[in-house]
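Contents: one structure, followed by commentary.
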Amino acid sequence: MSYETAAIEAKWQAAWDEASLFRATRSAAPKYYVLEMFPYPSGRIHIGHVRNYAMGDVIARYRMACGFSVLHPMGWDAFGMPAENAAMASGGHPKDWTYQNIDVMRGQMKPLGLSIDWSREFATCDPEYYGQQQALFLDMLEAGLVYRKSATVNWDPVDMTVLANEQVEDGRGWRSGAEVERRELTQWFFRISGMAEELLDGLGTLDKWPEKVRLMQENWIGKSRGLSFDFGLKGAPAGFDALPIYTTRPDTMLGPTFAAIAADHPLAKALETDPEIAAFNARCRTMPTTEAAMEKAEKLGHLTSVTVTHPADPSVELPLFIANFVLMEYGTGAVIGCPAHDQRDLDFARRYGLDVIDVFKPLGSDEGVADVAYVPPKTTKVRYVCWHGEPGLEITCQEAIDRTLALYEAGGWGKARTQYRLRDWGLSRQRYWGCPIPVVHCADCGAVPEKKANLPVVLPDDVTFDVPGNPLDRHPTWRDVPCPACGKPARRETDTMDTFVDSSWYYARFTAPRAATPTVAEDAAYWMNVDQYIGGVEHAILHLLYSRFFARAMQVTGHLPEGTEEPFAALFTQGMVTHAIYQTRDGRGRPVYHLPEEVDLATGTVRVTGEQIEIIPSAKMSKSKRNVVDPQDIIAAYGADTARWFVLSDSPPERDVEWTAAGAEATHKHLRRVHRLAEDIARADRAPNGADADLARATARAVVDVTGGIEGFAFNKSVARLYEFTNVLHKSDAGAEARRAAMRVLAQLMAPMTPHLAEEIWEMTGGAGFVTTAPWPEADPALLVDDTVTLPIQINGKRRSEITVPKDMDTPAIEALVLRDAAVLRALDGGAPRKLIVVPGRIVNVVA
RNA sequence: GCGGGUGUGGUGGAACGGUAGACACAUCAGACUUAAAAUCUGAAGGGCAUCGCCCGUGCGGGUUCGAUUCCCGCCACCCGCACCA
């Protein structure tokens with residue numbers, strides 16, 4: 001019998017299915033909830049998906065073998081822009097496109113043999129799902145967690161539509177090429193900032209999250225303590241008496257030389273009677289809205305005729321600028337400029353000829369700031385040149401900050417305040433393919449929540465995408481509904497929800513996916529929280545923070561029980577699968593991307609055209625860059641087990657992995673070798689002999705190491721140990737029964753990674769039932785200890801020799817042996833060692 | 001720009017502060033073959049040149065008996081930056 005992957009894999013998948021092995025049920029057993037971030041149905045699965053789900057499956061199958069009642073579901077993050085883009089490009093409907101993609105991708109995933117409970121599958125674009133989301137929204141609205149306010153969007157003046165940041169290229173709309181404007185719209189917001197402190201505190205309990213993710217979230221929430229104060233205003237338009245400011249560096253309050261406000265600041269708008277200011281503000285509003293773009297853009301300002309006066313000393317009068325680097329969304333939309341101690345302020349001051357006042361200097365130096373702002377860590381002790389009448393005060397910046405806060409509070413010039421960088425979550429999207437916001441706008445009653453009885457508010461199917469913009473806005477009838485409050489004709493909200501909303505509670509929905517309420521108390525109580533969540537680092541902030549917010553919001557609204565405020569008990573962030581990008585340039589110098597199979601790497605050319613390619617190494621796989629690898633070919637050629645083993649081996653799971661086609665073949669060879677070995681061992685008839693004990697020890701070792709690798713998310717190490725163990729078993733001349741027993745253990749250890757082959761081997765070698773449900777093997781501790789140990793001998797820190805000694809030999813005895821070692825004698829050349837270090841059980845170092 | 005990572009042979013990578021390169025890919029040699037494939041066995045960081053030594057974990061410093069690991073300063077690349085999912 002050869003290793004017929006297709007037949008073997010189909011056989012066992014059918015058998016698992018028949019036995020409903022992966023149907024998650026509440027039971028007396030302890031539960032374990034494994035979840036991989038659900039996929040966006042982009043068209044076909046790519047190798048990154050395989051890596052993600054193979055990892056989750058290892059955990060799920062391992063936990064199942066350990067006796068847990070496992071929940072391992074799968075669904076689809078199905079709303080979003082690509083479906084609308086496809087509709088615009090090809091004339092189809094986003095719904096058809098999405099569901100067809102789901103069918104294709106489900107069809108590609110099932111052959112992988114994942115231990116998924118497919119009975120719980122849903123897509124976020126199912127009305128049964130988003131209807132419950134609308135119910136959640138209404139409850140959150142009632143609980144005061146949702147509100148409306150004005151916010152800026154990217155507006156394409158030619159296409160007359162709102163653009164996502166992604167759709168803005170160099171400040172221009174990606175379709176129209178028109179210069180993008182910022183425009184204000186009234187939009188819905190989740191009050192996530194109100195939970196900033198809780199979300200920050202909660203991070204402290206997440207000891208099974210990567211440190212880096214907690215750090216990133218902490219920095220994102222950005223708690224700071226600073227000074228809140230008002231600048232006085234001179235020459236400002238009527239109604240503007242003061243300019244509120246918040247600064248995290250009150251210790252620099254003696255060095256500001258200017259103040260600046262955002263172009264969208266009310267004061268800046270009021271000054272637009274000056275045509276130059278109007279023009280400057282208009283120019284600012286054509287700048288991209290992303291923080292990265294603003295920070296990188298050239299710092300521009302426009303001097304106003306208004307001046308501000310210092311709160312502690314009104315005789316100090318500073319010029320007021322409107323500046324493109326000040327964001328209205330942050331703080332008060334106005335900043336204090338202290339050039340000596342902020343690089344951005346310094347660049348600005350140099351550009352506009354403003355003074356630079358040193359507030360503090362490094363200890364022992366009288367050097368003033370030139371081109372580089374002096375910004376030491378807050379814990380650094382510095383010399384304050386003149387701190388409120390105390391010259392030469394040598395304290396840390398933090399001490400100076402604290403003293404300044406106290407001084408300003410005492411003087412009534414300002415207030416100490418805690419502030420967060422975290423902004424409220426704008427959820428309105430002016431797009432069709434999303435969850436409709438269940439609100440009706442009534443001329444008399446205002447924004448009225450839809451009645452729960454009328455949910456779901458279903459997206460209309462009869463829409464077209466021949467023109468840009470939101471089809472809901474131009475639908476002839478969908479908008480027209482009676483006001484839920486007064487019954488008069490009113491209009492539906494046509495904005496839909498950010499797709500992040502969909503993915504912020506799906507984990508909870510999986511616990512009762514068909515329920516007529518968002519969740520069911522008993523199911524949520526049994527299954528929550530997710531014990532192991534797995535996904536890409538690119539979600540380290542937004543998705544994970546939003547989910548943590550939603551879990552809390554669902555508690556507030558009674559949809560989740562106590563103890564679920566941290567929905568993901570453990571998080572693992574896998575690395576991305578990257579691949580080189582192959583590109584050429586078109587006539588206008590714009591990049592044209594080529595699929596890996598279209599290029600000839602030997603010559604570095606495109607096969608068909610012979611054009612020379614540029615290779616951009618190691619980039620995130622993306623459809624638009626055409627550097628996506630389809631795992632289908634590997635699965636078709638070698639089977640699912642090979643694909644799974646391949647993506648789990650070699651690279652550590654948290655690390656990005658550069659995909660190369662070579663290697664799948666070799667992986668398959670190994671599995672074939674294991675299969676053949678199992679056949680030999682199953683047939684063999686050989687009496688027990690002395691090697692049985694050695695094999696038993698190697699088996700115990702393998703159990704410990706492979707288990708450790710799985711528990712520690714180091715599947716690559718588990719795989720390496722499995723290779724080693726296979727080699728040992730291959731060479732072992734132990735008796736037939738001993739080898740069969742070891743082979744069964746090998747099957748068990750391989751089962752989470754290559755479940756089909758493992759079942760086949762288990763069956764061949766006389767295992768009972770499914771290897772999938774067989775209890776995870778345990779190692780006999782007695783087999784793990786060796787009675788001798790080999791100690792490397794270092795001379796001056798470099799390995800020169802080694803000795804093998806009994807495990808419990810004492811240090812003086814070891815020292816004596818070491819001093820007789822040939823290499824040591826040679827190095828010492830008759831002299832005595834200056835030092836002899838023996839680390840018991842590990843190493844010896846001779847300092848000559 | 002800001003926040004967070006990563007960097008080790010030809011390649012993927014391994015290594016509680018303790019033998020750098022486990023395990024594998026690719027390579028080379030041998031066995032089996034008429035031959036090839038498949039399979040099996042073995043070699044291998046670079047160098048000087050043999051049974052010993054030198055150099056080697058992005059770069060430059062430091063701590064230590066000993067540093068891939070800890071500290072300081074750089075460089076390169078990757079992720080995120082709030083309307084991509």
Side-chain angles (χ1 to χ4, degrees), chain A residues 37 39-40 42 77 79-82 151 153-154 162-168 187 192 210-213 215-220 222 289-297 299 325 329 343-344 421-431 498-500 502-503 536-543 545-546 573 575-576 578 617-620 622 624 649-652 654-658 660 662-663 665-667 669-670 672-673 676 714 716-717 719-724 727 730 790-802 823 826 833-837 839 842-847:
Chain A
M37 291 179 184
Y40 178 79
S42 54
D77 188 14
F79 276 135
M81 286 200 309
V153 293
N154 301 310
V162 175
L163 297 177
N165 285 336
E166 191 190 51
Q167 298 171 312
V168 180
Q187 307 197 61
I192 187 172
E211 176 67 28
K212 62 175 176 183
V213 175
L215 241 184
M216 281 190 262
Q217 292 221 349
E218 187 182 324
N219 291 338
W220 186 264
T289 53
T290 68
E291 194 187 328
M294 295 188 97
E295 293 281 348
K296 269 189 269 191
K299 309 294 179 280
F325 61 85
E329 280 79 13
Q343 190 60 45
R344 197 172 55 183
R421 203 184 76 99
L422 180 65
R423 307 202 296 256
D424 278 334
W425 170 11
L427 67 113
S428 300
R429 296 292 180 272
Q430 297 69 39
R431 271 184 269 282
D498 179 6
T499 56
F500 270 121
D502 313 336
S503 55
V537 248
E538 65 270 25
H539 296 292
I541 295 175
L542 291 180
H543 163 62
L545 192 64
Y546 290 160
T573 53
M576 290 180 309
T578 62
S618 217
K620 179 176 177 173
S622 100
S624 60
S649 59
D650 287 355
S651 266
E654 69 278 9
R655 199 120 110 202
D656 288 353
V657 54
E658 164 90 25
T660 54
E665 167 88 33
T667 297
K669 278 183 193 173
H670 172 72
R672 209 157 54 202
R673 187 164 161 252
R676 198 165 47 238
N716 55 322
K717 288 188 231 170
V719 167
R721 293 289 86 80
L722 286 167
Y723 270 111
E724 265 180 346
N727 291 338
H730 185 80
T790 299
L791 298 177
I793 299 175
Q794 291 184 333
I795 296 166
N796 295 330
K798 292 185 191 284
R799 182 187 171 284
R800 286 292 179 260
S801 183
E802 63 180 34
R826 197 164 45 238
R834 285 201 289 151
K835 204 167 176 183
L836 190 54
I837 295 151
V839 183
R842 294 222 71 98
I843 204 164
V844 180
N845 193 13
V846 181
V847 185

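Convention: sequence-line order gives letters A, B, ...; per-chain numbering from 1.
- Residue contacts shown for A:Arg676 are limited to sugar-phosphate atoms, with no base heavy atom under 4.0 Å away.
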Read 5' to 3' with Watson-Crick or G-U pairs under 3.5 Å, [ ] for crossing pairs and | for partners on another strand, RNA chain B gives (((((((..(((.....[....))).(((((.......))))).((((...))))..(((((..]....))))))))))))....

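- Donor-acceptor pairing under 3.5 Å, judged by distance alone, is absent between the side chain of A:Arg721 and the base of B:C23.
- The base of B:C83 sits within donor-acceptor range of the side chain of A:Gln187, with an N or O pair under 3.5 Å.
- The interatomic distance linking A:His670 (NE2) with B:C23 (C1') rounds to 10 Å, in whole Å.
- A close approach under 4.0 Å does not occur between any side-chain nitrogen or oxygen of A:Arg344 and OP1 or OP2 of B:C2.
- The side chain of A:Arg655 places no N or O atom within less than 4.0 Å of a non-bridging phosphate oxygen (OP1 or OP2) of B:U6.
- Using a distance-only test at 3.5 Å, with no hydrogens or angles considered, no donor-acceptor pair links the side chain of A:Glu295 to the main chain of A:Ala292.
- Base orientation of B:G62: anti (glycosidic angle beyond 90° from 0).
- Distance noted for atom C1' between B:C28 and B:G9: 16 Å (whole Å).
- When distances are taken from the side chain of A:Lys717 to each of B:C83, B:C78, B:A14, the shortest belongs to B:A14.
- Spacing between atom CG of A:Leu545 and atom P of B:C79 amounts to 21 Å, rounded to whole angstrom units.
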Could you run down the sub-3.5 Å N/O contacts of the protein with nucleotides 65-69 of chain B?
| from | atom 1 | to | atom 2 | distance (Å) |
| --- | --- | --- | --- | --- |
| B:C65 | O2' | A:Asn845 | ND2 | 3.3 |
| B:C65 | O2 | A:Asn845 | ND2 | 2.5 |

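- Residue A:Asp650 places a side-chain atom within donor-acceptor reach of the base of B:G12, judged by atom type and a 3.5 Å distance cut-off alone.
- Between A:Ser651 and A:Lys798, the residue whose closest nucleotide on RNA chain B is further toward the 5' end is A:Ser651.
- Checked against B:G52, B:G13, B:C83, the side chain of A:Arg826 finds its nearest nucleotide in B:G52.
- At B:G4, one or more side-chain N or O atoms of A:Asn219 fall inside 4.0 Å of OP1 or OP2 (strictly under the cut-off).
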